[in-house]
There are 2 protein chains.
Amino acid sequence: MATGRTHRPATRSRGIPEATVARLPLYLRALTALSERSVPTVSSEELAAAAGVNSAKLRKDFSYLGSYGTRGVGYDVEYLVYQISRELGLTQDWPVVIVGIGNLGAALANYGGFASRGFRVAALIDADPAMAGKPVAGIPVQHTDDLEKIIDDNGVSIGVIATPAGAAQQVCDRLVAAGVTSILNFAPTVLSVPDGVDVRKVDLSIELQILAFHEQRKAGEEVTGESGAVVRAPKDSGKGPDGDVPAVMPA
Amino acid sequence: MATGRTHRPATRSRGIPEATVARLPLYLRALTALSERSVPTVSSEELAAAAGVNSAKLRKDFSYLGSYGTRGVGYDVEYLVYQISRELGLTQDWPVVIVGIGNLGAALANYGGFASRGFRVAALIDADPAMAGKPVAGIPVQHTDDLEKIIDDNGVSIGVIATPAGAAQQVCDRLVAAGVTSILNFAPTVLSVPDGVDVRKVDLSIELQILAFHEQRKAGEEVTGESGAVVRAPKDSGKGPDGDVPAVMPA
DNA sequence: TTCTGTGAACTGATTCACAGCA
DNA sequence: TGCTGTGAATCAGTTCACAGAA
């Protein structure tokens, strides 16, 4: 793989850091709430608090979009809602298909926030013939056989995979071949896609494991006090036959 | 994020970067698959491919855990499964409660991967009295009134919030007051918690918005690149040095 | 030789702190 | 005055490239 030249000099506005992009929806949500309360302007401090970030970060983030604030005053809520919406591409309609209408797929189809900002569930697809025609969230489920046609007919570029892990890669391949270039993957598996296709994954199990890591560490600290020796820590509870139990042997 | 006073002599070993922690479950999944196929050892290259990362990153990650590999050979699959499981705290049982048994909560309760690695759904809680007693995924739903007792009786330290946004903060406060110190939040809202409590959020709407941002950008580039049926890779865009499409459209 | 483990360089993100505008 | 916008400093994460063990 060619490392190649890195990014373009970022002439202007193009080159918003990924971390910033990931926070824009957060700001947008907070701003929308303010808008509904008819609040005309917010300071970076207030908005940052509502979005759960610090104000310096927020101002830096907004600086990548342009100078949309007024010094000494703050940001115009409506204007910022519009600017961020536009930046995120939410001023247009995004038809989405959900593939795999099990418990999770059905829950996603029913999820309200889905339909809100420009995202429209264009179709539900499942491999089970018994599901075909049955409405879920008011939308009839269609069979996987017609996947390509459905994608094409609806001009879908975003697909959601909520199938079992074993089927995910195959579904992914078909979605991509049919023209989908962004995938939200709920299946607990690594998808491989060609360049130019974005995949984001949501994995419940991984999130829980990360929490467990920190939880375990808390339990350790709680008991340990000041000494380094962990007592009653739930870590090595007479585990395997191997003798070297020490948590980690320093190199 | 910091759990109170974090000043320990740092016995080495403690201080695994957050980014590394977030990848350990990925490695564990890949290793588990290898284990099931009775593969005895893997190289960093192979394992990295299976986990969807590059091998240098994987080796660096493992170096934080200790020296568990063998030069010239690779890693012992079983041994590594055990070490990572232990590091993540998965060798113990984690009772979990799910609050908010709507479409999503029910889907989570039914989710198999949930129950797998040490996580056990200890209770389901919902505010709707009509739900009380009704079994979901074989577990009877209990009423919110008993939340504190349920947490206490089951020794729960991890809670999952799948309520509507409006109820999430209140539920969160009660969970925390009852002793929960890790929360997985599916409600589209920012939760505020005291120091020492970890919150991770999963937000479908945000993920879609991030995808839409990139999708939009692709659409713009497509025009620039002229006639290519497939859009260029968003990452190492080794594309022409010519100027970009003026991205900012006037309001 | 093959492959791990790791300093060092690099890249990206966050925070600081203050200049500059309303 | 009160706030935004932003260079500079800092911090975290990634990648490089190679020393060194099996």
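Lettering of chains follows the sequences in order, A, B, ..., and the numbering in each one begins at 1. From a predicted model like this one, the values you see are computed outputs, not experimental measurements. Just the heavy atoms: all of them, side chains too, but no hydrogens, waters or symmetry mates, feed the values below.
Screening residues 18-37 of chain B for ring-ring contact (aromatic ring centres under 6.0 Å, His included), with sequence neighbours left out, gives B:Tyr27-B:Phe62.
Rounded to a whole Å, the OH atom of A:Tyr75 is 12 Å from the P atom of D:dC3. One interatomic measurement links the two molecules: CZ of B:Arg23 to P of D:dA12, which rounds to 15 Å at whole-angstrom precision. Atoms OH (A:Tyr68) and C1' (D:dT6) sit 17 Å apart, rounded to a whole Å. Between B:Arg71 atom CZ and C:dT4 atom P there is a gap of 10 Å when expressed in whole angstrom units.
For A:Glu215, the salt bridge (charged side-chain N to carboxylate O under 4.0 Å, His left out) partners at least two apart in sequence or on another chain are A:Lys218. Legend: residues meeting side chain to side chain donor-acceptor pair (under 3.5 Å) with B:Gln170, ordered by chain and number and at least two apart, are absent. For A:Phe186, the ring pair (Phe, Tyr, Trp, His ring centres under 6.0 Å) criterion is met by no residue, not counting sequence neighbours. Partners of B:Ser43 by side chain to side chain donor-acceptor pair (under 3.5 Å), not counting sequence neighbours, listed by chain and number: B:Glu46. Listed by chain and residue number, nothing satisfies the side chain to side chain donor-acceptor pair (under 3.5 Å) test with B:Asp76 (two or more places apart in sequence, or in another chain).
Nearer the 5' end of DNA chain C, as judged by each residue's closest nucleotide, is the contact made by A:Glu18, out of A:Glu18 and A:Thr70. Along DNA chain C, the nucleotide nearest to B:Gly69 and the one nearest to A:Val73 differ in position, and the one closer to the 5' end is contacted by B:Gly69.
For the OP1/OP2 pair of C:dA13 and a distance below 4.0 Å, the side-chain nitrogens and oxygens of A:Tyr64 include no atom meeting the criterion.
Atom CD of B:Glu45 sits in a sparse spot, with 12 or fewer heavy atoms from other residues, nucleotides or ligands closer than 6.0 Å.
Within residues 26-62 of chain A, the residues having any heavy atom under 4.0 Å from DNA chain D are, by residue number, A:Ser43, A:Ser44, A:Arg59, A:Lys60.
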Indicate every side-chain donor-acceptor pair of residues 30-42 of chain A with a distance under 3.5 Å to a residue at least two apart or in another chain.
| unit_1 | atom_1 | unit_2 | atom_2 | d |
| --- | --- | --- | --- | --- |
| A:Thr32 | OG1 | A:Leu28 | O | 2.7 |
| A:Thr32 | OG1 | A:Arg117 | NH2 | 3.1 |
| A:Ser35 | OG | A:Glu78 | OE2 | 2.6 |

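Taking the screw axis at each terminus of the helix from C:dT1-D:dA22 to C:dA22-D:dT1 from five consecutive base pairs, the angle between the two is 10° to within rounding of 10 degrees.
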